[in-house]
Colleague: 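Pasting a structure below so you can have a look.
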Amino acid sequence: MISFCIFTLQLMGMEKDMEQMFQEKIDKEIRIEPKDWMPEKYRQTLIRQISQHAHSEIVGMLPEGNWITRAPNLRRKAILLAKVQDEAGHGLYLYSAAETLGISRDEMYEQLHSGKAKYSSIFNYPTLSWADMGAIGWLVDGAAIMNQVPLCRTSYGPYARAMVRVCKEESFHQRQGFEILLTLSRGTEAQRRMARDSINRWWWPSIMMFGPKDDESPNTIQSMKWKIKRFTNDELRQKFVDICAEQIKILNLTIPDPDLKWNEEKGHYDFGTINWDEFWQVIAGNGPCNKERLDARKKAWEEGAWVREAATAHAQKRAQRLAEKRA
Amino acid sequence: MKQYINKYYYGDYGEGKNGAADISTSGKSQQEWPLWEIFIRSKQGLDHKHVGSLHATDAQMAIENARDVYTRRMEGISIWVVESKYIHASNPDDAEALYDPANDKAYRHPTFYDLPDELTHI
């Protein structure tokens, strides 16, 4: 018993040394790779964050996929198709990055379908008009890019590499969105109204995308220390507001926030209070489309089961035939 | 010290391992399609480079999926796929033994040699 205790103590001491060495690597900006030792909590935090990110890409296809058949012309349809295909790709890059941490793809799907894993709450809002494709591209993808660019330097190698690819592709998403709004804003009064209504609905949910305020985001400090995160939620949100407040002038429209005002002293825009109650409600599953989105994912998964099984059977049969031929 | 180190598998699954599918905690995942590592040659004259992984039932499907996932913007003109379990990799714990000996062999680099400035074409 005593020797067992000593052994445990030794192990605990070693764990501490390992953690210290790990932190030194992080501080020296050495990337962590899958086979390297890492604290269990670092691994768990990454699995949660990367899989949540992957789920967001996949669920994010739903509100837009809805509009592919209703795009106003062939050019817009081709663009939207390419964008939605990119989101699928981004989901796949991220799932495979998460798998390097020892969680299987099926487990991640299961967590999504059971509601255990979250995805970005922005996708629980409905897309009511074509202008929403513009607002999503400009605001939702814009906010996502703001979050994602620093992640290209995140401390975990496979995640950082996946994010480099995602960011390269994401830029067109935002530009095509702004172009949709620009076209509408220069169109008829009805088209301008459509653009305005869309921005009014998407503005606040978009700035909620950066997550809770810093003092209510308990994981931020540790994530910053491990250099998973490089900026806090509020820092990124402020940057985003500053940029959008200028960009909207080109659309000759307004951001639906009476408190939005340039603050000379701070060198930033002041903005109104976010409805955090709404934010937490949507996260808790009570947003306008939470159920619809999850049902769509589960339906796709269940109805695709026979295809997955058939593909496996086909591959086995082909391998068998090949083996017989060789024999 | 070694018995104490957690190992996760990626690309380098080691003998007999089938990637995350094998080490997952939910029994169901055994039905997952195998994992493949994808290598892309971006243009003629360059090496194939590892870009990531994906799931597929066989090599042909892995190539087709890799084309959709990793070459949507002319990133490649040739694809290699290798089932992840066949990749073997060095252990990070051996890094010292493997790579440190190269540190003190500066004479393997051309800049090691102090030669007169008037010496040209060398």
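Letters A, B, ... mirror the listed sequences (proteins, then strands); counts begin at 1. Only heavy atoms go into these numbers, but all of them, side chains included; no hydrogens, no water, no symmetry mates.
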Colleague: So B:Val51 and A:Arg165, do their side chains get closer than 4.5 Å, heavy atoms only?
Modeller: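 In short, these two side chains touch, coming nearer than 4.5 Å.
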
Colleague: Go through the steps for B:Glu75 and A:Lys168 under the test side chain to side chain contact (heavy atoms under 4.5 Å, CB included), then give the verdict.
Modeller: CA-CA 12 Å; B:Glu75 290 95 336; A:Lys168 264 191 206 159; over 6 Å; no

Colleague: With side chain to side chain contact (heavy atoms under 4.5 Å, CB included) as the criterion, how do A:Phe172 and B:Arg73 come out once you've worked through the C-alpha distance, each side chain's angles and the decisive distance to 0.1 Å?
Modeller: CA-CA 12 Å; A:Phe172 115 72; B:Arg73 285 177 178 75; 3.2 Å; yes

Colleague: If you count every heavy atom of other residues, nucleotides or ligands that lies below 6.0 Å from A:Glu29 atom CD, does the total exceed 12?
Modeller: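 More than 12 within 6.0 Å, yes.
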
Colleague: What are the two closest heavy atoms between B:Val69 and A:Tyr93, and how far apart are they?
Modeller: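 Looks like O-OH, 3.2 Å.
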
Colleague: I need the B:Trp33 CH2 to A:Asp106 CG distance, nearest 0.5 Å.
Modeller: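 That separation rounds to 10.5 Å.
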
Colleague: Verify the neighbour count for atom CZ of A:Arg175: are there more than 12 heavy atoms of other residues, nucleotides or ligands below 6.0 Å?
Modeller: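 Check fails, neighbour count at 12 or below.
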
Colleague: I'd like to know whether CH2 of A:Trp301 has more than 12 heavy-atom contacts from other residues, nucleotides or ligands below 6.0 angstrom.
Modeller: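 Count over threshold, so yes.
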
Colleague: Taking atom CG of B:Asp47 as the centre, report whether more than 12 heavy atoms of other residues, nucleotides or ligands fall under 6.0 Å from it.
Modeller: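 Result for CG/B:Asp47: open.
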
Colleague: When you measure from the side chain of B:Glu32 to the backbone of A:Ser104, do you find a donor-acceptor pair of N or O atoms at a distance under 3.5 Å?
Modeller: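 It does not hold such a pair.
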
Colleague: Counting only heavy atoms not in B:Lys105, do more than 12 sit closer than 6.0 Å to its NZ atom?
Modeller: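 Buried by this count: over 12 neighbours within 6.0 Å.
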
Colleague: CZ of A:Arg105 to OG of B:Ser53: how many Å apart, nearest 0.5 Å?
Modeller: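 Reported value, rounded in 0.5 Å steps: 7.5 Å.
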
Colleague: Which atom names give the shortest non-hydrogen contact between A:Glu99 and B:Leu35, and what distance separates them?
Modeller: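 Closest approach of A:Glu99 to B:Leu35, heavy atoms only: OE2-CD1, 4.0 Å.
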
Colleague: Nearest 0.5 angstrom please: B:Met61 CE to A:Arg318 CZ, how far?
Modeller: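 Going from CE on B:Met61 over to CZ on A:Arg318, the span is 8.5 Å.
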
Colleague: Grab the two heavy atoms, one from B:Asn91 and one from A:Lys35, that are nearest each other, plus how far apart they are.
Modeller: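 Smallest interatomic distance, heavy atoms only, reads CA-NZ, 4.5 Å.
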
Colleague: Below 4.5 Å, heavy atoms only, C-beta onward: do A:Tyr95 and B:Leu54 meet side chain to side chain?
Modeller: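 Not in contact.
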
Colleague: Kindly give the heavy-atom pair with the smallest separation between B:Thr57 and A:Ala315, and that separation in Å.
Modeller: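 For B:Thr57 versus A:Ala315, the nearest heavy atoms are CB-CB, 3.6 Å.
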
Colleague: Return the option, out of A:Glu309, A:Gln316, A:His314, A:Arg308, with the maximum number of heavy-atom pairs under 4.5 Å with chain B.
Modeller: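 Sorted descending by pairs with chain B, the first entry is A:Arg308.
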
